[in-house]
There are 2 protein chains.
Amino acid sequence: MAAGKSITIPKDTKSAGANRAGAKRAPVMSDRAPLYEQVGYFIRQRLIDNYWKPGTALPSEIELGKELGVSQGTVRKALDDMVADHLLYRRQGLGTFVSEYTDRRALYLFFNLMDEQGTRVLPENNILECGPRKASKLECDRLRLRANAKVIRLSRVRSLKGVPTILETISVSQRLFPGLGRDGNLPPHLYRHYQTEYGISIAKADERARAIAASDQQAAHLNVEPGSPLLEIERVAITLDAKPVELRVSRCETSVYQFCAERG
Amino acid sequence: MAAGKSITIPKDTKSAGANRAGAKRAPVMSDRAPLYEQVGYFIRQRLIDNYWKPGTALPSEIELGKELGVSQGTVRKALDDMVADHLLYRRQGLGTFVSEYTDRRALYLFFNLMDEQGTRVLPENNILECGPRKASKLECDRLRLRANAKVIRLSRVRSLKGVPTILETISVSQRLFPGLGRDGNLPPHLYRHYQTEYGISIAKADERARAIAASDQQAAHLNVEPGSPLLEIERVAITLDAKPVELRVSRCETSVYQFCAERG
DNA sequence: AAGTGGTCTAGACCACACT
DNA sequence: GTGTGGTCTAGACCACTTC
């Protein structure tokens, strides 16, 4: 016994064995971290590897504890943290499950669009164009691409109750998402599509907002006067292993619908 | 043993004694709630009553457990929840403390203002006017005031590195904040001032964002052309006991500085 | 009835901060 | 050294879901 406990990593995973070596190895997880953090790291890694897939149940807490050589309470604390991060959810009597990207969850996270009364609204989508392009400077910067990289860029108008309200441009690296949107096969839930078709799970996003004046083209799409104020939201979606993989720039006509957030 | 455990509420508080009577009393907390929720409710109540004041330490977990007739682990779980809500914070070896509104915390919560590189900036404030007014329709609606109520309304320009960037109007009920800002005694940290001078603690806020065109007056204050797009953020600050007490409308010039949020 | 997560306890030891 | 929160364990019982 004595200093530096660590979990026993089951064999059917890649990582090397010498877990007690002392000199903390490069990748993220130190031997000296609390057990529950080691457990959390292990579980996250299995999510990243798509070993446990969205919508499926994890082994029970007791089983996990036995597998990793820790008590049920320690597993529980690790799971608690990931439930708080919305990576997992629990159903009493049933088990602990890997989160999926559903409409409800997409609306719950990130910015919410709602009317004056605070009611949420679901948009209909109308795709303007979609295909491979040379990455812009902004795209290179936000997605950490090299200067001449290719992206797949998608533009669409989102309408609320028939009124065009949001003009959205979505960019992803072509290397990571080959064939995305070819044959116009564009699913309604993009994040879910990334997950099921490309094994890439979005864990969080950074957003920034500013006000801009509508260009002629934007104005035409949104049916407003050129120069009208629009709310521009730039969102970078980040994967479980902290890579930025999608840039989404939305220009929103906010005279009726607004963006809401509850903070604190 | 048997159904419906409950904590034993110490005497030096108002609430009545018969805690095991069965018929769940009206106010909010059911006898059948888990112990840790009852403990959390009890602690929240002491914060609302200003029994434990911001910046001071709570009794230790063991002491609290003894006082309430529960184990340390149960107290810990209650405190964990409140730490997650930023109502309390812990310092290992020292104790658990009631959160205050510091600059750092105000920046951490709610919208963050930052430049293109993602660096945070602190604004300087310049007060335009401040005094009692008849509440507007918006103020009545958001602060739940009766039609002819009075508010104290404060307008200020916030500048970043000398450049006027945010035009802000703050409204609070005069009944709740009598004398606020009289003699021009306006502290830099308003939320903290509410807490120390009026015993009112802000726990969270609802925000909504839209884009507007600058009016002539707004444009003059912000040194931009009339009609320029501005980001308007409306924030309603909510107390520990869930009452909306402050309305803050900010019009922001976002060509340099933007509003950022990390979600997920 | 069996299995899961949810709550609660009691006790051990560690890491940290003050005196 | 003493007291605090931080981690970890083992075990009990409850509530819920499925069979």
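Chain letters run A, B, ... following the sequence lines, proteins first, then strands; residues in each count from 1.
- The separation between B/Lys77 atom NZ and C/dG6 atom P is 9 Å, rounded to whole Å.
- As rounded to whole Å, 15 Å separates atom C1' of C/dC8 from atom CG of B/Leu68.
- Judged by distance alone, the side chain of A/Ser173 and the main-chain N or O of A/Arg175 form a donor-acceptor pair under 3.5 Å.
- Of the candidate nucleotides D/dT18, D/dG5, C/dA10, C/dA10 has the atom nearest to the side chain of B/Ser71.
- At least one side-chain nitrogen or oxygen of A/Arg76 sits closer than 4.0 Å to the OP1 or OP2 atom of C/dG6.
- Spacing between atom CZ of B/Arg32 and atom P of C/dC8 amounts to 12 Å, rounded to whole angstrom units.
- Between the P atom of D/dC8 and the CD1 atom of A/Ile7 lies a distance of 11 Å, rounded to the nearest Å.
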Next item on the list: Start with the C-alpha distance between B/Arg192 and B/Glu100, add both sets of side-chain angles, then the distance that settles salt bridge (Lys or Arg N to Asp or Glu O under 4.0 Å), and finish with yes or no.
Entry: CA-CA 7 Å; B/Arg192 193 186 170 90; B/Glu100 306 176 80; 3.0 Å; yes
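- A donor-acceptor contact shorter than 3.5 Å links the side chain of A/Gln38 to the backbone of A/Ala33.
- Counting to the nearest Å, the P atom of C/dT4 and the CD atom of A/Gln92 are 14 Å from each other.
- Looking at heavy-atom distances under 4.0 Å, B/Glu61 makes contact with sugar-phosphate atoms alone, never a base.
- The aromatic rings of A/Tyr194 and A/Phe177 sit tilted relative to each other, their planes meeting at an angle between 30° and 60°.
- An OP1 or OP2 oxygen of C/dT9 is reached within less than 4.0 angstrom by a side-chain nitrogen or oxygen of B/Thr74.
- A close approach under 4.0 Å does occur between a side-chain nitrogen or oxygen of B/Tyr36 and OP1 or OP2 of C/dT7.
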